[in-house]
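Report on the following structure.
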Amino acid sequence: MAELQMLDPNEHAVSGRYRLWWRFSRNASAVAGSVIILSVVILAVFAPWLTPHPKDAGMVVDFLHRHQPPSAEHWFGTDKVGRDIFSRTVFGLRISLLLVVGVLGISVPSGAVLGLCAGYFGGWTERIIGGLTNIMLAMPPLVMALAISNLLEPNLFNAMLSITILWWTWHARLVYNVSKSIATEDYVEAARLSGAGPAHILFREILPNCVPVISVKTTLDAAFVILFGATLSFLGFGVQPPTPDLGTMVADARQYLPEYWWEVVCPGAAILYVTLGFNLLGDGLRDMFDVGS
Amino acid sequence: MAAALLDVQGLDVFFTTYGRKRQVLRDVGFSIAPSERVALIGETGSGKSVTAKAIIGTLPNNATIDGGRIALEGEDVLSLSRDRREALKGTAFSLIMQDPLSSFNPVFRIGTHLDDVMRFADRRNGIRNGKAARRKRIAEVLRRVQLSEPERVMNAWPSELSGGMRQRVLIGLALLHRPRLLIADEPGTALDVTTQDEILNLVNRLVEEEGMALLLITHNLGVVRKAADRVVVMHHGDIVETGPTERIMKEPAAAYTLSLLDAVPALFGPKVTDQPESRGVPIVTIRNLDKLYGRRQHRFHAVKNVSFDLRKGEIFGLAGESGSGKTSVARMVMGLTPPSAGTIEIDGKAAGDRRATQIVYQNPGTSLNPRRSVEQTLTLPLASIGMRGAARSARLDELMQLVRLPRSYLGKYPHELSGGQKQRVAIARALAAEPRILILDEPTAALDVSVQKTIIDLLLQLRDELGLTYLIISHDLSLMRNFCSRIAIMLRGEIVEEGRPAELFAEPEHPYTRALISAIPVVSDDEEHLKPKVTETERQRFLVAATQ
């Protein structure tokens, strides 16, 4: 890219925003990913109006229609107490997205700030934050999350909490690497010589240059968080019934395999769908921003 | 021109970026006869590198060749299959890599790297050579590029060789299969002046002895005079002028060529400018400055016992090659690194007053934050001295006027500006808080010659308008000759010679100064004759010292 820009005197006629849009619109993976995520977000936000049986998200029992295969009435069939699996899956997506927003909403900013500080200040700040990050990264994540959820009451909030505690480290480490290299750039020194304080340098000079990397990582992380949350729920440490969570639904229906396969396959496919969406978008963004992995 | 080795005709190349197609080469045509040396010269965006890439076949994916013919030894390479075209590499033509510092994989020994290249080329061409035969040829080639101990070089890791030695290895690499055409893209520009000079001499000698033709791509007219028989001048994708080097240098036909020649700073003769000597009081006093880096075994004495005065209103130049310690001195004056010993006084006070000194960096591409607009960049120093509201807005106007940029540019981002414009913004930022001393760190090294001249003129005007004092650090003596009122030459951390430019150039005392001056490529024979004479032993001595 750099070379092309050099060769081309008219390059600066194209605005940065137009360039990004151009690259996005030609990136099949990014477009497909955004379409998937957009559809999931719309379904999740308007779940009560878009689902055929919104009441089934709660404690409803209809033994007459239990274990029914997919039909026009129940697209994904019904579960062991006769609830509409499609409605419950859509509500499950809601929980998944909530988990993503909660976990990444806290762990990305805090990880980024710690990484920025460690990379820019160096010295003891770097050693302490780096050490802490390394210790956290050395713990097996699932075991840690199970331990934390076990100590506390198993519910959505605590599942979120336990994942968050583990998650910031990845962002701290990523942003640390980027910020350490940007900290040596001439423009950072020039800003310091112009009298800028550390806050200005961290958040105005360095952070904007980390945005591409952070956004790629965050998007890919969203998929991981959903999987992780589903794993916790599957093991019984996440969201508790009757709240419809994709992981819990798979766990509950497992005992009815293989006869009532739809009860496992449909929520499982939903997990696959949303995870795929985030992964496609993340990959697409990586190509767009030209960020190394 | 049936006998032409390379014949390019009517070449049209387009680039498609973000859905827009733009022509980057327009009807480019020239030819090279066997054992002829031709230079493609032009500034950034002239299309000289695109032309070379079209010949080699390494155009980027978004490029299309819409017309024209490239014939190598009578064969149209554009219509050849991929494999046939690959097979030409190394034998019909060969490329000398531009950047010796990043062209080697650090985990392979030099010998392994060369052997790989040779083995792959052999395989392409269906030649069967044993390992011993290859090793023999590699040693032979290394000897050809004047690496006297080929065995030692082959067993060395890339990091153990100096930049100059690595550049030699790269030239050797290009020679492995006895090509008929050697393509050199800005040879040695990443290296110091003295090393660059050596490399040019070497290329010249090899081309002559092996009877190869040379296609030289460069922006430096001095290099052209030294290493080309014929010149092709390019501008915005067009060929402006073609002719024998001698004629182009003496009586250029095209106005563009003339402007290129005019922009080259003169070393000797009537075209040099002498900056008046300043009679002002010393504003910066530096005494017995020392700087050591590292600890114990890894100790590096970067600056040794440096003393000089910077008088008010003068332009003081610190000249030296990489590793000479000039940048360390500048950083200590800025207060960015503490000296290990010695004193720096600014206006009679110990250094540390942030507002007294400011710096303009070498590369405006890295000294401006790509994500901040011109206005944001310039506002920062104003805000930090507490300037707000109308005063700030007025000062922004004033700054833009000072560096001769329209006010509308305040809203632009660095990628929307040309190199020269970016450097103007960097100068405006340095001036914002009204410093008295400006440190210029190779302020024009990253710019085209014609842009260099406008920036230098701007800096001279600013000095007169604002009463500034400059400390410029540079390796480019031809620039400093016309810009500085005093020059100090640094070698291995010490100032070896100091004086007025006119005296320094007329009668350089220290052999290193002589070596430096004589290595500068010049554009006229008259200047060549006026260069100081350096004996071969003297030159070798400093070459090793400066490149190790």
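Convention: sequence-line order gives letters A, B, ...; per-chain numbering from 1.
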Query raised in the report: Would a 4.5 Å heavy-atom cut-off, applied to side chains only, mark B/Leu336 and A/Leu193 as touching?
Result: yes

Report task. Give the member of B/Ala430, B/Pro370, B/Ala63, B/Ala433 that has the highest number of heavy-atom pairs under 4.5 Å with chain A. Result -> B/Pro370

Query raised in the report: From B/Asn369 CG over to A/Glu185 CD, what is the distance, rounded to the nearest 0.5 angstrom?
Result: 9.0 Å

Query raised in the report: In Å and rounded to the nearest 0.5 Å, what is the OH to CZ distance from A/Tyr187 to B/Arg429?
Result: 11.0 Å

Query raised in the report: How long is the span from the OG atom in A/Ser194 to the CD1 atom in B/Ile385, to the nearest 0.5 Å?
Result: 10.5 Å

Query - For B/Ser384 against A/Gly195, the heavy-atom pair lying closest together - result: CB-O, 3.6 Å

Query raised in the report: Would you find more than 12 non-hydrogen atoms of other residues, nucleotides or ligands less than 6.0 Å from B/Tyr256 atom OH?
Result: yes

Query raised in the report: Roughly how far apart are A/Glu189 CD and B/Thr366 OG1, rounded to 0.5 Å?
Result: 10.5 Å

Requested in this report: To the nearest 0.5 angstrom, please state how far the CZ atom of B/Arg371 sits from the CD1 atom of A/Ile206.
Outcome: 13.5 Å

Query raised in the report: Counting only heavy atoms not in B/Tyr293, do more than 12 sit closer than 6.0 Å to its OH atom?
Result: yes

Report task. May I ask you to check whether A/Asp186 and B/Asn363 show a side-chain donor-acceptor distance below 3.5 Å? Result -> no

Report task. Heavy atoms only: give me the nearest B/Ser367-A/Ala190 pair and the separation to one decimal. Result -> O-CB, 4.4 Å

Query raised in the report: Side chain, backbone, both or neither: which part of A/Arg204 has a non-hydrogen atom closer than 4.5 Å to chain B?
Result: both

Query raised in the report: Measuring heavy-atom distances to chain A, does B/Ile359 have an atom under 4.5 Å in its side chain, in its backbone, in both, or in neither?
Result: side chain

